[in-house]
Amino acid sequence: MTLPRIYFDAMAIGPLHIRWYGLAFVVTYAALYHGLRRSRVLTSRQSEDFLLVASLGMIIGSRLFFVLASYLDGTGRDYLVHPGTILMLWQGGLSFHGGLLGGTLAALWWCRRSHVSFVRVADQTALVLPLGGMLVRLANFAAGDLPGKVTTSRLFVQYPTDPLPRFPSTLFEAAGYALLGLILWLVSKKTLRPGSRSFIFLLGALALRFGIDFFRQPALLLIGLTPAQWISLVALLIFLLLWTATRLRQKRAK
């Protein structure tokens with residue numbers, strides 16, 4: 001498939017340009033707010049405060065993690081020379097792992113400060129986050145970001161600025177998030193232990209992030225894997241160990 005052009009804007013009204021990225025975030029936040037209110041996990045005011053704090057944590061974490069990773073691989077040395085560019089989010093550069101960590105820590109801090117169950121909030125949030133991941137990756141595809149590896153497969157895309165056939169890795173990832181969202185929706189119909197839905201989301205999102213690098217533009221390799229894959233693998237092992245330890249503790253307490 002050959003794209004006729006790159007689509008940054010979802011629509012434009014005079015000087016007002018509505019980006020696909022912005023639209024993806026607005027839809028995701030609206031769905032999160034609706035879900036938290038409908039499930040009565042949080043009040044309207046609490047939902048607004050929570051989303052503000054968690055969003056700030058996600059943005060700060062994802063940006064700082066991206067800047068650090070760019071500096072370590074040698075592509076972001078200009079951040080030290082011109083530190084003001086760190087704040088230029090409109091130029092791109094956000095990290096999945098940093099956003100996940102920053103958003104989680106901010107959410108945990110807010111829940112403890114507000115005397116709200118973090119596990120209940122996390123379980124409800126996990127139902128909507130796959131939608132956000134899917135929409136953001138579709139926005140990446142429309143904007144020509146995160147190109148895939150060059151391929152001879154029939155599953156390819158050609159961007160106007162790049163004549164080489166590449167894997168549509170962002171579409172693969174969007175499909176993965178859609179599948180993860182379907183799985184979470186199906187399991188939400190059953191009675192599960194508190195924390196199960198958020199755990200399923202974390203495992204699924206990290207596994208997806210690990211696998212998608214096999215189709216992305218080649219990056220720095222460390223013993224056959226990219227840094228993002230190593231981080232995903234370590235995080236997966238940590239979450240599995242924590243989950244196993246929690247289950248064993250619960251069985252002993254019975």
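For the numbers below, each heavy atom of this structure counts, side chains included, while hydrogens, waters and symmetry mates do not.
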Shortest non-hydrogen separation from [X] to [Y] and the atoms involved:
{"X": "Leu42", "Y": "Ser47", "result": "CB-OG, 3.5 Å"}
{"X": "Gly148", "Y": "Arg166", "result": "O-NH1, 3.0 Å"}
{"X": "Gly211", "Y": "Phe215", "result": "O-CD1, 3.9 Å"}
{"X": "Gln158", "Y": "Pro165", "result": "CG-CA, 3.8 Å"}
{"X": "Gly195", "Y": "Asp123", "result": "N-OD2, 2.8 Å"}
{"X": "His97", "Y": "Ser232", "result": "NE2-OG, 2.7 Å"}

Does Leu138 belong to the same Ile/Leu/Val/Met/Phe/Trp/Tyr cluster as Tyr159, with side-chain heavy atoms less than 4.5 Å apart forming each link?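 Per the 4.5 Å side-chain linkage, Leu138 and Tyr159 are co-clustered.
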Would a single hydrophobic cluster contain both Trp109 and Phe65, if residues Ile, Leu, Val, Met, Phe, Trp and Tyr are joined by side-chain heavy-atom contacts under 4.5 Å?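 Per the 4.5 Å side-chain linkage, Phe65 and Trp109 are not co-clustered.
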Would you call [X] and [Y] a side-chain contact if the rule is heavy atoms closer than 4.5 Å?
{"X": "Val116", "Y": "Val121", "result": "yes"}
{"X": "Glu173", "Y": "Thr170", "result": "no"}
{"X": "Leu186", "Y": "Lys189", "result": "no"}
{"X": "Leu206", "Y": "Phe96", "result": "yes"}
{"X": "Leu184", "Y": "Pro130", "result": "yes"}
{"X": "Glu48", "Y": "Tyr33", "result": "yes"}

Identify which one of Leu236, Leu129, Leu100 satisfies the side chain to side chain contact (heavy atoms under 4.5 Å, CB included) criterion when paired with Leu202.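 Option passing the side chain to side chain contact (heavy atoms under 4.5 Å, CB included) with Leu202: Leu100.
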To the nearest 0.5 Å, what is the distance between CZ on Arg120 and CG on Leu36?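 That separation rounds to 10.5 Å.
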Quick check: are there more than 12 heavy atoms from other residues, nucleotides or ligands sitting under 6.0 Å from CH2 of Trp20?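 Counting other residues, nucleotides and ligands, CH2 of Trp20 stays at 12 neighbours or fewer.
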Parallel, tilted or perpendicular for Phe167 and Phe172, by the 30°/60° rule?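 Correct class here is tilted.
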